[in-house]
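Sequence lines set the chain letters: A, B, ... in the order given, protein chains first and strands last, and positions in each chain run from 1.
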2 protein chains.
Amino acid sequence: MARRSDHSRDEIREMALAAAAAIVEKEGSRKLTARSVAGAIGYTVGTLYLVFRNLDDLVLHLNARTLDELHQWLQARVESSAEPRRQLQGLAEAYIDYAVCHTARWNLLFDSVAGDDSELPDWYLARLGKVFGLIESALTPLVAQQGQEAVVQAARVLWASVHGICTLKIRHRLDLAGGQSTGEMAAMLIDNFLEGFTKTG
Amino acid sequence: MARRSDHSRDEIREMALAAAAAIVEKEGSRKLTARSVAGAIGYTVGTLYLVFRNLDDLVLHLNARTLDELHQWLQARVESSAEPRRQLQGLAEAYIDYAVCHTARWNLLFDSVAGDDSELPDWYLARLGKVFGLIESALTPLVAQQGQEAVVQAARVLWASVHGICTLKIRHRLDLAGGQSTGEMAAMLIDNFLEGFTKTG
DNA sequence: ACCTGAACACCGTTCAAGT
DNA sequence: ACCTGAACACCGTTCAAGT
């Protein structure tokens with residue numbers, strides 16, 4: 001045994017992350033274990049710790065990939081020719097769609113796992129920033145006259161809100177009597193927020 | 001051993017839930033295990049399974065208590081004499097405060113644990129409904145003329161949104177450059193949403 | 001140098017056996 | 001009837017030892 005050198009460190013990382021994504025997607029995040037990932041790529045657990053600090057580190061890297069995928073998903077679905085309001089609604093719908101289609105991976109993105117209080121690394125925050133960038137772009141034509149800071153702040157508030165609607169729905173915290181659909185809720189939010197924001201400023 | 005009958009089933013449940021809450025609060029949700037709870041109340045693991053279906057079931061009951069506590073917390077902090085907008089801002093601030101002061105228990109409330117797709121039991125949804133009721137009450141004077149359904153819908157959208165802001169902040173998903181505080185974000189959300197909602201309807 | 005696999009200290013859950 | 005504690009099938013993580 002030992003000294004196989006079949007794959008470089010980077011190749012092993014790549015294989016591990018691909019296997020981890022497949023396991024989460026097919027079997028749920030509870031089946032994502034060091035042993036299941038190692039087994040899926042034909043290595044032993046020890047090898048995983050040569051390439052990731054620990055399982056939380058692996059999950060963080062998987063989440064970074066999920067964010068990249070989400071960014072592409074959103075970009076592919078928003079028509080940049082549409083009017084700004086329609087673009088924002090489209091982004092919200094696409095965001096919700098992603099969560100519905102890839103629930104397990106999307107949930108993993110927001111689970112309170114690794115270090116509650118510790119801050120996320122810069123390379124991870126950069127990915128989050130890219131997603132927020134899409135919202136800012138769509139929002140800019142509507143609120144640009146209020147300054148760049150207003151765009152950024154409005155984008156955050158709006159997106160955190162859409163996220164809240166999405167997460168409570170996906171996790172069944174809105175299964176109370178007489179509920180609207182997630183799409184309707186997002187539409188109501190965006191319409192009314194923009195109504196207020198563009199008028200008062 | 002065996003046949004102690006020191007405590008009734010209900011007493012054991014009570015002790016277990018109190019111990020679980022203390023463990024989560026002091027050591028974090030990762031330390032919440034069947035063995036740690038059993039140890040804390042002076043029983044063995046087996047006993048816990050006489051009283052809860054499994055650990056997810058224990059967590060669900062703990063979460064129900066957390067919701068009760070949150071409901072009391074919100075009720076205690078909102079001045080019912082204040083004007084409706086101020087009441088809503090107060091509720092948002094109190095909600096965020098609870099999350100900040102009891103982060104681990106609050107996180108447990110929204111982690112995607114037990115059965116992703118399975119619905120929550122009615123007695124749990126009833127507790128969620130009570131919390132939403134506080135928002136509805138504060139919102140009623142502002143949008144009552146638009147009908148009861150509008151109140152319910154607006155309350156949900158508004159609260160899911162405040163929740164989104166809170167959760168992304170607590171879980172460090174908004175640690176990007178130039179961020180406002182959670183309170184400012186919630187204020188911006190509520191002000192603008194209400195502005196739109198009360199004018200257009 | 002690279003990888004193994006056994007070991008350590010844990011998990012959730014069950015259930016025969018004790019009183 | 002009530003509770004135990006040992007057992008089962010797992011965990012994350014480490015690290016001496018093999019090639």
Side-chain angles (χ1 to χ4, degrees), chain A residues 1-17 19-24 26-63 104 108 111-116 118, chain B residues 1-17 19-24 26-63 104 108 111-116 118:
Chain A
M1 72 212 67
R3 188 97 209 237
R4 307 175 10 178
S5 283
D6 290 342
H7 306 279
S8 72
R9 252 169 161 77
D10 279 350
E11 283 171 329
I12 293 177
R13 278 175 79 89
E14 173 59 41
M15 289 160 65
L17 289 173
I23 289 165
V24 172
K26 282 184 218 141
E27 310 174 53
S29 57
R30 274 188 168 174
K31 295 282 183 183
L32 181 67
T33 70
R35 283 171 176 85
S36 72
V37 173
I41 64 172
Y43 280 82
T44 51
V45 255
T47 304
L48 237 42
Y49 286 81
L50 244 51
V51 157
F52 295 102
R53 253 185 317 122
N54 51 37
L55 205 65
D56 283 345
D57 187 40
L58 187 154
V59 169
L60 192 67
H61 282 87
L62 174 57
N63 281 344
L108 199 60
D111 266 350
S112 60
V113 269
D116 247 8
S118 80
Chain B
M1 72 213 67
R3 187 97 209 236
R4 308 174 10 177
S5 284
D6 289 344
H7 306 279
S8 71
R9 253 171 160 76
D10 278 350
E11 282 171 330
I12 293 177
R13 278 175 79 91
E14 173 59 41
M15 291 160 66
L17 289 173
I23 290 166
V24 171
K26 282 185 218 140
E27 310 175 52
S29 57
R30 273 188 169 173
K31 296 281 183 183
L32 180 66
T33 69
R35 282 173 177 83
S36 72
V37 172
I41 64 171
Y43 280 82
T44 51
V45 255
T47 305
L48 237 43
Y49 287 81
L50 244 50
V51 157
F52 296 103
R53 254 187 313 120
N54 51 38
L55 205 65
D56 283 345
D57 186 39
L58 186 154
V59 169
L60 191 66
H61 282 87
L62 173 57
N63 282 344
L108 200 59
D111 267 349
S112 60
V113 270
D116 247 7
S118 79

task = Nearest whole angstrom, please: distance from the P of dC3(C) to the CZ of Arg13(A).
result = 14 Å
request  = For dA9(D) and dA9(C), measure between their C1' atoms and round to the nearest Å.
outcome  = 16 Å
ask   = To the side chain of Tyr49(B), which of dC3(D), dC3(C), dT14(C) is closest?
value = dT14(C)
task = Please determine which of Leu60(A), Val59(A), Val37(A), Asp57(A) meets the side chain to side chain contact (heavy atoms under 4.5 Å, CB included) test together with Phe52(A).
result = Asp57(A)
key: Nearest heavy atoms of Leu17(A) and Leu62(A), plus distance in Å   = CD2-N, 3.7 Å
Between dC3(C) (C1') and His7(A) (NE2): distance, integer Å = 12 Å
inquiry  = Rounded to whole Å, please give me the gap between CG in Leu48(B) and P in dT14(C).
reply    = 12 Å
query = Closest heavy-atom contact between Ala20(A) and Leu32(A)?
reply = CB-CD1, 3.6 Å
key: Residues in side-chain contact (heavy atoms from CB on, under 4.5 Å) contact with Arg9(B), at least two apart in sequence or another chain   = Leu50(B), Val51(B)
Short side-chain N/O contact from Thr47(A) to OP1 or OP2 of dT4(C), under 4.0 Å = yes
ask   = Ile12(B) has an atom CD1; how far is it from atom C1' of dC3(D), in whole Å?
value = 9 Å
Under 3.5 Å, which protein N or O atoms sit close to an N or O of nucleotides 9-11 of chain D? Give each pair with its distance.
none

ask   = Rounding to a whole Å, what distance do you find between Asp10(B):CG and dC2(D):P?
value = 12 Å
inquiry  = Heavy-atom nearest nucleotide on DNA chain C for Val45(A) versus Leu50(A): which residue maps closer to 5'?
reply    = Leu50(A)
query = Given atom CZ of Phe52(B) and atom P of dG12(C), what is their separation to the nearest angstrom?
reply = 14 Å
task = Would you write the dot-bracket representation of DNA chain C, where each base gets (, ), [, ], | or . depending on whether it forms a Watson-Crick or G-U pair under 3.5 Å and with which partner?
result = ||.|||||...|||||.||
query = Which atom names give the shortest non-hydrogen contact between Tyr43(A) and Asp6(A), and what distance separates them?
reply = OH-CB, 3.9 Å
request  = Using whole Å, report how far CG of Asp6(B) lies from P of dA1(D).
outcome  = 19 Å
request  = Report the distance from atom CD of Glu11(B) to atom CD1 of Ile41(B), rounding to the nearest 0.5 Å.
outcome  = 11.5 Å
request  = Can you measure from OH (Tyr49(A)) to CG (Leu55(A)) and round to the nearest 0.5 angstrom?
outcome  = 5.5 Å
request  = Report the distance from atom OG1 of Thr44(B) to atom CZ of Arg35(B), rounding to the nearest 0.5 Å.
outcome  = 10.5 Å
task = Return the minimal non-hydrogen interatomic distance between Ala38(A) and Val45(A), and the atom names on each side.
result = CB-N, 3.7 Å
